[in-house]
Amino acid sequence: MFQSIKTYKLLFLRLILIVTGIEVSIFFFKKELLFTGVFGLFIVFLLIREMYFYVRNFVLLYNKTIGSILQNDFSSDFSKHKFNTNYKDLFHLYDTLKNKQNEQVSKDIIYRSILNNIETGIIILKKQDTDWNIFLMNDYFSSHFNVPKVSKWKYLKNQLPALCEIIEQDDFQEIKTAIEISVNAQNKQTFVLQASRTEIFELDYFIVLLDSIQNVVEKKEKEAWVNLMKVISHELLNSITPIRSICQNLQDLVEQDSLSDEDLEDVKNSVETMLRRSDHLQKFVEGYRKLAMLPSPKKDKVELQLLMENCLQIMNPLFREKNIEVVNAITFKRSINIDAQQIEQVVINLLTNAMHALKDTFEKQILISAEAKENRIYIKITDNGNGIEKEIENKIFLPFFTTRKEGAGIGLTLSKNIIESHGGYINYKSEEGKTTFEISLIEE
C-alpha cells in the first residue's frame with residue numbers, strides 16, 4: 001500500500017519516538033518522578049494520535065483514489081494534495097488513467113457520431129453470460145424501424161420479430177441474406193442483412209447491418225450509368241473525331257480545281273477509313289440494341305444435365321483444338337424452369353471467357369459443377385487461368401468493356417441481364433489461382 005520510501009521512513013520514525021517516549025516515561029515512574037512520567041505518557045498519546053490520523057488520512061486518500069479508478073470516476077479533485085510528494089506515484093497513475101479515459105470517451109463520441117450519420121441500420125449486440133444485450137443502436141436504425149433505443153434483446157424481439165428470428169435461427173453466427181421487414185406498419189420492404197460475430201478482449205460482440213435494397217440498387221444504378229456514359233462517350237469520340245478530320249481533308253481536296261492521282265488515292269483511303277469506323281459504330285449500336293431489347297424469357301422445364309451437354313457439344317471442338325480439359329461434375333438430376341436458349345447463351349459466354357482466360361496457361365482445365373440449396377440451383381464454371389485483375393473487377397459487367405481486341409464487351413453484361421430476368425444473379429470470385437463464375441437460379 002505504502003509505495004513511497006519516504007512514507008515508510010516517516011512511519012518508522014513515529015514508531016521509534018512512541019517506543020522511546022514509553023521507555024522514558026517508565027524510567028521516570030521508576031525514579032518516582034510521577035509528574036514527569038505522566039507528561040511523558042501525554043506526549044506518547046499525542047504521538048499515537050498524530051500517527052493514527054496520518055495513517056487514516058493516507059489510507060482514506062488511497063482508497064478514494066483507487067475507488068475512483070476502479071469505478072472509472074475521474075471527477076474527484078486531488079489538486080490540494082498534489083504538492084505532497086508522498087502521493088506522487090499515486091496521482092501520476094490517476095492522471096494517466098484519467099487522460100486515457102478522456103481520450104477513449106472522445107473516440108467513442110466520434111465513432112458514435114459517424115455511425116449515427118450513416119444511412120445504414122446498425123445494431124451491435126454484446127453477450128453477457130448466456131444472454132445478448134444491445135451494446136449500440138444507431139439513429140438510422142431506431143428512426144427508420146421506429147424502434148426505441150432499448151438495451152435488452154428480448155425488447156427488440158417484440159419490436160422486430162422477423163429480424164430477430166433469423167438471427168436466432170442461425171445461432172448468432174455470420175449471415176448474409178435478404179429479409180422483408182414491415183416499416184412503420186406499412187407494406188413490407190426488402191433489406192440486405194449482413195451480420196458478423198467477433199471477440200474482443202474475451203468479450204463477444206455480434207454486429208448487424210441492414211441496408212435498404214432500394215438504396216443499394218439506386219447507388220449501383222447511378223454508378224452503372226456514369227460508367228456507361230464514359231464508355232459510350234469514349235467509343236463515339238474514337239469514331240467521330242477521325243471521321244470529322246477525314247471529312248475536313250476531303251473538303252479541302254474537292255475545293256481544288258483539279259485532282260491528281262495522289263489526291264484520288266487519298267480520297268479512296270479516306271472513304272475506306274470512314275467505312276471502317278462506320279462499321280465499328282454500327283456494331284457498337286447493335287450491341288447496345290441487344291442489351292436494351294432483350295426479350296422476356298419463355299420458361300419451360302429443362303433437365304440441367306441435358307442443358308450442359310448441349311452447351312459442351314457446341315464448345316467441345318474449340319476445347320479440343322486448344323487442348324483444354326473440361327470436367328463436368330454435375331451428377332444429380334434436376335429440372336429447372338428457364339428459357340433454355342437464353343441460359344445456353346449465358347453458359348456458352350462463360351465457357352468462352354474461361355477458354356480465353358486459359359490462353360497462357362500450361363495445364364488448361366475448366367470445371368463445371370452445380371449444387372442445390374435453399375430453393376436455388378447454383379451453377380459454377382471454374383478455370384485455372386490468369387484470373388481477373390483487381391483494377392478491372394468492378395468493370396467486368398459493364399456494357400462494352402472488354403480486354404480483348406476482338407471482343408465486343410457485351411457478353412457478361414448480356415449474361416447478367418438474362419440471369420436477372422430469370423430472377424437470379426451471377427457473380428464471381430478468385431481464390432487459390434482459380435476464377436469461378438456462379439449462376440444462381442430460383443428452383444421453381
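For the single chain, residues carry numbers from 1 onward in sequence order.
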Residue set satisfying ring pair (Phe, Tyr, Trp, His ring centres under 6.0 Å) with Tyr155, at least two apart, ordered chain then number -> none
Identify whether the distance between the nearest side-chain nitrogen and carboxylate oxygen of Lys152 and Asp131 falls below 4.0 Å.
-> no
(message) Using a strict threshold of under 4.0 Å (side-chain N to carboxylate O), is an ion pair present between Lys157 and Glu165?
(response) no
Stepwise side chain to side chain contact (heavy atoms under 4.5 Å, CB included) check, Leu163 with Leu210
CA-CA 10 Å; Leu163 170 65; Leu210 278 173; 3.9 Å; yes
Rounding to 0.5 Å, atoms CG (Asp383) and OG1 (Thr436) come to a distance of 7.5 Å
Pair Glu438-Lys429, salt bridge (charged side-chain N to carboxylate O under 4.0 Å, His left out): steps then yes or no: CA-CA 8 Å; Glu438 181 182 74; Lys429 61 180 178 181; 5.8 Å; no
By salt bridge (charged side-chain N to carboxylate O under 4.0 Å, His left out), Arg197 pairs with (sequence neighbours left out) Asp204
All heavy atoms of Phe206 vs all of Ala195, minimum pair found to be CZ-CB, 3.4 Å
query = Do any N or O atoms from the side chain of Thr352 and from the backbone of Ile348 form a donor-acceptor pair under 3.5 angstrom?
reply = yes
Value for OG1 (Thr198) from CD1 (Ile124), rounded to nearest 0.5 Å, stands at 10.5 Å
When rounded to the nearest 0.5 Å, the distance separating CD1 of Ile379 from CG of Leu350 is 9.5 Å
The side chain to side chain donor-acceptor pair (under 3.5 Å) partner of Asn133 among Gln128, Lys127, Lys126 is Gln128
Distance col, row Asp300:CG vs Asp339:CG, nearest 0.5 angstrom, shows 9.0 Å
What verdict does the side chain to side chain contact (heavy atoms under 4.5 Å, CB included) test give for Gln365 and Val327, after you've listed the backbone C-alpha separation in whole Å, the side-chain angles of each residue and the deciding distance to 0.1 Å? CA-CA 8 Å; Gln365 187 181 71; Val327 178; 4.1 Å; yes
Query - Contact check, side chains of Tyr205 and Ile200, non-hydrogen atoms, under 4.5 Å - result: yes
**Greater than 12 external heavy atoms within 6.0 Å of Phe362's CZ** = no
When every non-hydrogen atom of Ala354 is compared with those of Ile366, the smallest separation belongs to CB-CD1, 3.8 Å
Ignoring hydrogens and angles, tell me if any N or O in the side chain of Ser142 forms a donor-acceptor pair with the backbone of Val147 under 3.5 Å. yes
> Does any non-hydrogen side-chain atom of Ile122 lie less than 4.5 Å from one of Val208?
Replying inline: no
Distance alone, cut at 3.5 Å: any donor-acceptor contact between the side chains of Asn349 and Ser415? yes
The reported gap from CZ in Phe145 to CG in Leu156 (rounded to nearest 0.5 angstrom) is 10.0 Å
Run the side chain to side chain contact (heavy atoms under 4.5 Å, CB included) check on Met355 and Ile324 step by step: do they pass? CA-CA 8 Å; Met355 180 181 68; Ile324 297 173; 3.5 Å; yes
CG (Asn117) and CZ (Arg112) are apart, to the nearest 0.5 Å, by 14.0 Å
Scanning both residues in full, the closest heavy-atom pair of Asn116 with Lys149 reads OD1-NZ, 4.1 Å
Looking only at the aromatic ring of each residue, does the gap between the centers of Trp153 and Phe172 stay below 6.0 angstrom? yes
Taking every heavy atom of Met315 against every heavy atom of Leu351, the minimum-distance pair comes out as CG-CD1, 4.1 Å
Task: Check: Phe141 and Leu160 side chains under 4.5 Å, non-hydrogen atoms - done: yes
When the side chains of residues 302-311 are checked against the rest of the protein, which donor-acceptor pairs come out under 3.5 Å, sequence neighbours left out?
{"unit_1": "Glu303", "atom_1": "OE2", "unit_2": "Arg334", "atom_2": "N", "d": "3.2"}
{"unit_1": "Gln305", "atom_1": "NE2", "unit_2": "Ile330", "atom_2": "O", "d": "3.2"}
{"unit_1": "Gln305", "atom_1": "NE2", "unit_2": "Thr331", "atom_2": "O", "d": "3.3"}
{"unit_1": "Asn310", "atom_1": "ND2", "unit_2": "Leu306", "atom_2": "O", "d": "3.4"}

In this structure, are over 12 heavy atoms from other groups packed under 6.0 Å from Gln313 atom CD?
no
query: Any side-chain heavy atom of Leu209 sitting closer than 4.5 Å to one from Leu193?
result: no
For this session: Would you check if Ile418 and Gln345 make a side-chain contact, meaning some heavy-atom pair closer than 4.5 Å?
Result: yes
Heavy-atom closest pair (Lys299 atom, His422 atom, distance to 0.1 Å) is NZ-O, 3.7 Å
Can you tell if the side chain of Ile419 reaches within under 4.5 Å of the side chain of Ile343, non-hydrogen atoms only?
yes
Test item: side-chain donor near acceptor, Asp211 and Thr120, under 3.5 Å: yes
Counting only heavy atoms not in Glu174, do more than 12 fall under 6.0 Å of its CD? no
* List the steps and the verdict of side chain to side chain contact (heavy atoms under 4.5 Å, CB included) for Glu325 and Glu363. => CA-CA 8 Å; Glu325 178 190 2; Glu363 293 183 358; over 6 Å; no
Exercise for review: State, with a plain yes or no, whether a side-chain heavy atom of Glu168 is found less than 4.5 Å away from one of Trp132.
Suggested key: no
Heavy-atom closest pair (Gln159 atom, Asn146 atom, distance to 0.1 Å) is OE1-O, 4.1 Å
